[in-house]
Every structure is written in C-alpha cells, then in structure tokens.
Engineer: 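Pasting a structure below so you can have a look.
Proteins get letters first, then strands, A, B, ... in listed order; numbering begins at 1 in each.
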Amino acid sequence: MAEARFTAPQRFVGEPVLRKEDQRLLTGQGRYIDDLDITTLHVAFVRSTVAAGRIVSIDATEARALPGVHAVYTAEDLCPGDMTRVPYSCGFMDSLEPEASFLAHDEVRYVGDPIAVVIADDRYIAEDGAELVEVDYDPIDAVVDHLEAERQRIVHPDLGTNVAYSAEPADMGELEEIFAAAPIVVEHIIDQQRHSISPMETRGMIVVPGQELTIHASIQNPQFLRAYIAKVFEIPETSIRVACGDVGGAFGMKFFLHRDELAVIAAARRFGRAIRWIEDRVENLSASHARREWGRARMALSAEGDILATHLDYRADCGAYPLLPPESNAMNVTLMFQGPYRIARSGVSACMTFTNTPPLVAYRGPWMFETLARESLIDAAAERLGVDPVAFRRRHVIGLAEQPFSYASGAVLTGVTPAEALDKALEKLGGIDAFREMQARARMDGRYIGLGTSVYVEPTSFAFVDFATEAADIRIDPTGRVEVTVTLSSQGHSIETTMAQIVADELGVELDNVVIRFGDTALIGWGIGASGSRQAVIGGGAVKRAAETVRGQVFEIAAHLLQTQPEMLSLRGGMIETRGDGGASVSLAEVARTAYFGTESLPEHINPGLQAHNRYRPAPITFSNAAHFCVCEVDIDTGLTRILRWIGVEDCGVMLNPAVVEGQIAGGVAQGISGVLFENAVYDEYGNPQAGTYKDYLLPLITDMPEIEFGHLCTPSDTPTGARGVGEGGAIVAPAAVVNAVADALTPFAVRSAILPLSPDRLLELISAASSAGVQPPQH
Amino acid sequence: MSSHPISFTLNGAATALEVEPRWTLLDVLRRQCGTTGVHAGCEHGVCGACTIIVDDVAVRACLMLAPQADGCEIRTVESVAEPDGTLHRVQRAMREEFSLQCGFCTPGVVMTLVQMDEAGADEDAVVEALTGHLCRCTGYQGMKRVARRLGQATGAEDRQDG
Ligand code: FES
Ligand code: FES
C-alpha cells in the first residue's frame, strides 16, 4: 500500500498555478488587523522623545480630563508591584536579559520607548490625549554608537555591562598563528547601516478581554506568541486565543511581541473592554531595527592563493531591548561565515552590545552579515591576488560531489550545489570574458559598469527544541471536499496555494476543492509559523504526510466498496479506480459519504471518517544555496547606481510553485539591493531618529528594480516534499553582490567600500577622494 | 468637535454622513463607510496604499480631508470587479503575473492601474505611475510584467517602437 501512495501523479506541485489568495486581496476583501469589524476603543501611545533619561514625573491629569478619553495608564498602573521582569525576548534562549516592564517606569532607553497608553473613543482623540500627557525627563548621555558601547555608560545598570553577548573561537590562538605566518593576509572592513524592516502593514492588535483573552494581531505566529503571552501574564495558554487574519508583510518584525504590544494586552485586561491599537508609520519606522553591524573580515592566503583561514570580528547593535536573542544571531553568523568554500580554518569573534536605540528584531535572514562580510572579503582577496573574483570563487567553491562536507565549525553540509549554481549563473551571464570586454568598451565611453558576485549557503528550516515541528490536520468532508489546517502562517507566503497543491496532488482532487486554514490557536496546536524559511519544508512535510494517511483511508474504504485490495487502486480526478483497463471505479465523494454516513456498511477494522493529523520533524537543518550576479552602472557625476542586470540561480530543492519561489527570491533581492543603496535608519549623536517617514527612509521603487533572470537547480531535500527553504535567501545573498558590483564598476578609481549605504553622496565622496589622491580612470 | 454634513457618491451609491473637519477621507472610507480595501500604509502620502479614484483621477485618500470629498464621485477597489466576483482585466493581469504577495499594497496599485487602463496609457506611463506605490514584498517583478501587458493592450496603436 505504501507504494500506491507514492504513485500520486503530480499535477500541481511544480507548476506555477495561480494563487488562491488573490481573489480576495485584489478586490479589497482581505481582512487585515484594522479591517476587523469589532467594536473597540482606540489606543495611542505616549512615547519617549529622548534616547536616554530618567523619568522625573508623568502628569496625565489634563489627558484624563479630555472628553472622549477613557483611561491613561502608565507603568505604575499596568505593572503594579515588581513587574520589572518581563521575559521580553520570548526567552527561548539564555539571553542576558535586563529588567524590563511593558512601559518605561524609571528610565527611558530609546526615542519611542513606550511610557503611557491612552484609551479613547477614536484614534484622533487618543492622540490628542497622548499629546496632553506631560513627561519630565532628566536627560542622560545616550549610548548610540555600538562600537563605542563597551566603554560607555551602562544602558541597563542591573546588568553591569553593555555587552549582551560575546564569544571567541575556541581555536583563536591557532587562528592567529596562521594569520601571523601567512604570506598574504587580506583585511576588509564592513559597516552596515541600521535598517528599518518596514512591512507595508504596520503592527496592530485588537484585544478582547474576558473569560477567554482574545487577541487578534498582525503577527507571524499565533501559537508561539500565545505561549509567550501566557508566560508573561502567568495565565494558562488554554485561556488565551491568538489569531491573525491577512497580514501585510512581516519579514521578522512581527515574530516577537514588542513591549508596547504587551502593554496593549495589559491595558485591555485592566480596562476590561476591547481596545484596538494600530501602529502608525512613524512609530513603525523607529519601533525596532536590524542589520546595524560591523565587521573586520580577514583572509590568510598561501603564496599560491589557497585560503588558509578566515576570521570575522563581528559586532552588532542590539538596541536597548533586543527581541532577537543576540546569541542566536551571533551563532548563526558563526555557523555560516565559512560559506560554500573549502577553507581549512574559519572562526568568528562576536560582540553584541546594548545601546539607546530601538530593539534589534529579526529581519529576513538575520544572520546575513556572514555572507555580506565573506563575499566582499573574497572580492578584496581576489583583487589582491590579481585574479578574477569569479575564477577565484570557482577554485574554492564546494560542489555536490564533495558532500557531505565538514565545516571548520563542525557543521556538515549536505545536498547543496554552490559550484553548480555558480556555473549555471555564469552560463546565463554569457561568460566572464564577454562581460569583461563589454565592461572595457563601456569604460572607453566613460561608463562605469561592474559585475558583483555572491554565493552562499543557507541553513533553513531550523528544527530543534521548540522549533522542531509543524503540524497539519486534514479532513475530507462528507461531500468530498478537503479542509486542511496548518500551524503555518502567511504574510504573503502563498501557503493557501502551495499547501493546496500538495494536498490536491496527493488526494487527486482539484485545487478548488481544497481549503487551507491557519492563523488561529483555536484551530490547531503548537507551531512556529513563519520563521527561518521553514514553511514549505516542515509544514509542507506535515501536510504531505497527513495527506498520505488520508489517501490510505480513502483506499481502504474504496477497496471495500469495489471489493478489491487497496494496493490495486489509484486515485485521480476525484475518482478511485482499480488499475488496468476497464476497472471498476468509485468517486471520492461516494467514498467520503460512506466514511461518514454509510459507516454501518463498513467492516470492523475500517475506522469511520477521513481525517488525519501529522506532526513532522525533519533533520535539524535543511540547507539551500544560491549564486547571484549583479551588473550595475555607477554614474560618476551623480553617484547614482543603477542595476542593469540581475541573475539569480538558487537550489531550493523541489519547487512547490516556481512562481511563488521566484516571488520570494525577488522580494528578498529587492530588500538586499535597497539595503545597500537606499535604506538608512539614521540616528543622530543624541539618539534621535532622522528617518522618521517614508520621505527620509527610502524604499526601492519599481524603477529601481531590474527584472531578475532566474535559474533553478532542484536538488531534492531529504524531506517528504523534497523542498528546501527559500523565503529569506534573496535578502541574504543580494547585498554582497551589489557591494561587489559597485567596487568592480569603480575599479579605475580603486574605490572598494563596504561602508553602507553606498548612497550617491557617499560614492561621490569616495570617487573624489580617490581622484584627489591621484587615482585616475584611464584616459579615453 | 464640530461635525459637517457631507455627501458623495461612493462606488455608485449616494452617501451622506457627518464628519469632523480633521478626519481624513481615508479614515472616513475605512471607518464610516466600511470600504476597508482602502489601506493605510503611511498616512503621509508616500506609499500609495490608500489610492482611490476621485472624479476619475487616482488620488491618495490619506492626503484628503473628508470635507474635501463633498460632492465628489469616489471609486475604491471594492467597485472594480464585477458583482459576481469576475475580476477586471487589470486585476486578472495582476493575478496572472503574480504581482502580489501579502496584498497590502495591492488595492492602491489596482486603482492606479484602473485609471491608467482607462486612460489608455502605454507601458512607460504605467511604470511611471507605479513609482507612486511602495511594495515591500514582490520586488515589483509582476507589476513590471503587468505594465508591459497593459501597455501592449491599450497603447498598441500609438506605439511606434519598443
Ligand atoms: S497611506 Fe496614503 S500614501 Fe501611504
Ligand atoms: S504585496 Fe506586500 S506590499 Fe506589495
């Protein structure tokens, strides 16, 4: 019978089938958090206007007296007694956690730090009320530059240090010896600017208190957050329901609950009526951050150009209250810094510090610094050796045949195709020589065109401890329609389509006959939801296995109805048939009807109903990989960089839906490109955000994006669907390609910089500095 | 707060309501009229998520105060498909070209495309109009294909070359 299950003809998996989500989203019938028609009062926050200061007094008298204002709550109201120990980073690792409450009670630690909650009839009045709350601060020196933080005032006195996490490679002494003895050492500095995650829908929450605490929110993971809320408020999970409807993008920002969201829950519990908080864009842009990281990357080479060792001195800004556990990010950077290359020794020294800036949160491929640092170091090394960076990579890159491959860090790579991806990308490019010729001709015309390469391996679908599993429930109803409930969640991930493709293939039904439900703790148990490119792999695995079980149940009943054996049956087009010509058949609808309404006719050993649950745990990591090329042109008069071509070849195993795969990659690449060229969540020396609106915080426009040329290698993973994670890869791999392309374009000026962003003003500065230092482009 | 009576046509239906002068048209459409397909992405006129068509021109609902809509004819995304759900050709193109993921920017994009389609705009004009929309999910790949498709369909006659 097992064999029969695996002969399901693939009609949908692998095809770019149109999305089931689109009908409602295109017609304005999406249901995002603020669209929910629940009668509520409205919340606005009083937030700190200084980056660091002791709160001398909070006067809410006038605000409370404003008609339409129902309540103003400060920390004293919401955190009575010793409520200073909020396990605010969801506490799933042993992070060094400072004391914290939902609202600032003694000290404010960043501009935007929540101080008071105002509840009013509508948002306008709530904001009027918030403005009337007078907060007196005793300002103190803000710690803003994370590279200086170790030596500055302590942000959290209870911890006695600004270092949230630090680590050294165990073999640091030996590594240093290799560097000391190496004939060639290349060093490269990478300084990444602060990014704001900026999903197009801001955060938001509707809290309905009562016997069951109901929380509707714009989040990535209802089950995970319910467990966290239960822990914070010390109430049983079973008394809480967390749900999300359509979510307008998240990218990691909505994986954790920020302190202000906990304050909304606390306020609703105290107030006793339903309240709604919808974050505005100004709040959103300075609510949290990512990517404020610095590195000194080094490579030791033999005289022949063998890579003897690499090392990264990695430093990151955690903000005042990191939500992404600092050590988890440092560990991932450490795990992956070696990348897809044969390198004898590789290590990372990490230091992550607290500052008076907003919380560090997850952002699509939070550990991407390893790729940015390594891939730009490789170009610097190739330049030093006088070899082409693509040739240099091809010499060292790992191919499928060499695996399993043991990393210096101990991790074992299996099933990845970086060498193959690089070759395929090169083929799409049309070869290096042709490009170099075109580049040289362009330079003769005063045009500066560059090629940037980035190759990487990604650890997707982390599956250990609380992240180990996802689950699916599948039932065929008495009419033969299929309802599937999953622990996954979607913020644009298209899982209503891709999961339906898996089920429709397995059960031989049309896509229209499959409905996928998710996003509500009332529907299904524990799961992580959207995180770490896990949905297709782990969730898809659970869906496929549950569908296989239901398929077996269908065959059992059909075999009984057709007076044959289950192994003799096949299933397609809604019909179960006996193999061979002219065999008897029965419809799925008839089998389903029998399973529920004709149970008296079934023999004892056949269970009534068609329903299965599966909880699936894959291997701890499923790797994916990619090689990308960026071709850009830098206008040396304006400093503007334009992307001319983008080639991306990835291996995400079996593609459930290639259009969805390409969409995920494209979105990540866009974030990577704009991360290098545009986005910059600047804070001044006092810790004031300087990019408070979309007029200052620049996102890419349609005209900034090239049309991506895709290539796919599809090496199946060892999981039920054969998929590998692909949600984050574009954002991880793209930035280094842009950095390298700009450096390549500006080779005549000897400008190589990974001090980001590479904005027009900065490039002009670098070009003019190079020119005044006597570096001249060739005359033409 | 003082309240003002205003009336406008919303998706073909005469609508009369009382609004406070400081309320944005965006908030009134969402809260008073229930047309929640009009999305609030930034409320400061940059993202385009709130785009609606007022008197045949695509505008940003967050940049209009509700009293300014008095006497206007307003169309939101809810009016674009047929009542039976059959998608308008720009919606169909959006779907077939995979130009949405989370869908939050989508209603605004649809309204801009509807106006461009009605104006018979060519590909360049459609792309130019779409620079008024921020999409954080898609990298605009599908929207580029939609622009090409609409440009070919509507601007075919006056296009001399590619
Ligand atoms: S909400 Fe109106 S332009 Fe962003
Ligand atoms: S589809 Fe998510 S913002 Fe455009």
Engineer: Look at B/Pro107, B/Ser79, B/Ser99, B/Cys137 and state which one has the largest set of heavy-atom pairs under 4.5 Å with chain A.
Structural biologist: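 When all of B/Pro107, B/Ser79, B/Ser99, B/Cys137 are compared, B/Cys137 has the most.
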Engineer: Where on B/Ala81 is there a heavy atom nearer than 4.5 Å to chain A: the side chain, the backbone, both, or neither?
Structural biologist: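 Just the side chain, heavy atoms under 4.5 Å.
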Engineer: For B/Arg136 versus A/Pro700, what's the shortest heavy-atom pair and its separation?
Structural biologist: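 Smallest heavy-atom distance, with atoms named: NH1-CD, 4.4 Å.
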Engineer: Is chain B contacted by the side chain of A/Val247, its backbone, both, or neither, given a heavy-atom distance below 4.5 Å?
Structural biologist: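 Contact with chain B involves the backbone of A/Val247 alone.
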Engineer: Kindly give the heavy-atom pair with the smallest separation between B/Gly139 and A/Ala670, and that separation in Å.
Structural biologist: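 Nearest heavy atoms, B/Gly139 then A/Ala670: CA-CB, 3.6 Å.
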Engineer: Which pair of heavy atoms, one from B/Phe98 and one from A/Val17, lies closest together, and at what distance?
Structural biologist: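 So the two residues come closest at CZ-O, 3.3 Å.
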Engineer: Would you name the heavy atoms of B/Cys102 and A/Gly249 that are closest together and state the gap between them?
Structural biologist: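 In this case the closest contact between B/Cys102 and A/Gly249 is CB-N, 3.4 Å.
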Engineer: Does some side-chain heavy atom of B/Leu100 sit less than 4.5 Å from a side-chain heavy atom of A/Leu26?
Structural biologist: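 Yes, their side chains come closer than 4.5 Å.
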Engineer: What part of A/Ile197 lies closer than 4.5 angstrom to a heavy atom of chain B: side chain, backbone, both or neither?
Structural biologist: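 For A/Ile197, the contact with chain B is made by the backbone alone.
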Engineer: Is A/Asp35 close to chain B through its backbone or its side chain, or both, or neither, when contacts mean heavy atoms under 4.5 Å?
Structural biologist: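 A/Asp35 touches chain B through backbone and side-chain heavy atoms alike.
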Engineer: Between A/Tyr32 and chain B, which part of the residue has a heavy atom less than 4.5 Å away: side chain, backbone, both or neither?
Structural biologist: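 Contact with chain B is through the side chain of A/Tyr32 alone.
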Engineer: Between chain A and each of B/His133, B/His39, B/Arg31, B/Met143, count heavy-atom pairs under 4.5 Å; write down the option with the most.
Structural biologist: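 Most pairs with chain A among the choices: B/Arg31.
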Engineer: Which bit of A/Glu662 is near chain B, if near means a heavy-atom gap under 4.5 Å: side chain, backbone, both or neither?
Structural biologist: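 Neither part.
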Engineer: If we define contacts as heavy-atom pairs under 4.5 Å, which of A/Gln29, A/Gln23, A/His493 has the most with chain B?
Structural biologist: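 Max contact count across the listed options: A/Gln23.
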Engineer: Hey, which of B/Thr35, B/Val110, B/Leu87 has the most heavy atom pairs under 4.5 Å with chain A?
Structural biologist: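 Ranked by heavy-atom pairs under 4.5 Å with chain A, first place is B/Leu87.
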Engineer: Could you have a look at B/Gln141, B/Glu96, B/Glu78 and say which one has the most heavy-atom pairs with chain A under 4.5 angstrom?
Structural biologist: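 Most heavy-atom pairs under 4.5 Å with chain A: B/Gln141.
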Engineer: Just by modelled atom types, is the B/Val46 backbone N or O under 3.5 Å from a matching donor or acceptor in the A/Lys695 side chain?
Structural biologist: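 Here the side-chain-to-backbone pair does not exist.
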Engineer: Among A/Thr693, A/Thr703, A/Asn284, who wins on heavy-atom pairs under 4.5 Å with chain B?
Structural biologist: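 The option with the most such pairs is A/Thr693.
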Engineer: Just by distance, no angles: are the side chains of B/Asp27 and A/Tyr124 close enough, under 3.5 Å, to form a donor-acceptor pair?
Structural biologist: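 Yes, side-chain donor-acceptor contact under 3.5 Å.
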Engineer: With respect to chain B, which residue among A/Gln664, A/Glu707, A/Gln491, A/Glu21 yields the maximal number of heavy-atom pairs within a distance under 4.5 Å?
Structural biologist: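 Of the options given, most contacts go to A/Glu707.
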Engineer: Checking heavy atoms, do the side chain of A/Asp34, its backbone, both or neither come under 4.5 Å from chain B?
Structural biologist: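 For A/Asp34, backbone and side chain are both near chain B.
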Engineer: Non-hydrogen atoms of chain B under 4.5 Å away: do they reach the side chain of A/Pro67, the backbone, both or neither?
Structural biologist: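 A/Pro67 has no heavy atom closer than 4.5 Å to chain B.
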Engineer: Of the backbone (N, CA, C, O) and the side chain (C-beta and beyond), which part of A/Ser674 lies under 4.5 Å from a heavy atom of chain B, both, or neither?
Structural biologist: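 It is the side chain, since no backbone atom gets that close.
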Engineer: Who among B/His88, B/Arg95, B/Gln91, B/Arg30 has the most heavy-atom pairs with chain A under 4.5 Å?
Structural biologist: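 Max contact count across the listed options: B/Arg95.
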Engineer: Is chain B contacted by the side chain of A/Arg31, its backbone, both, or neither, given a heavy-atom distance below 4.5 Å?
Structural biologist: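 Only the side chain of A/Arg31 comes within 4.5 Å of chain B.
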Engineer: Are the side chain of A/Glu201 and the backbone N or O of B/Phe104 linked by a donor-acceptor pair below 3.5 Å?
Structural biologist: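 Not confirmed, A/Glu201 side chain does not pair with B/Phe104 backbone.
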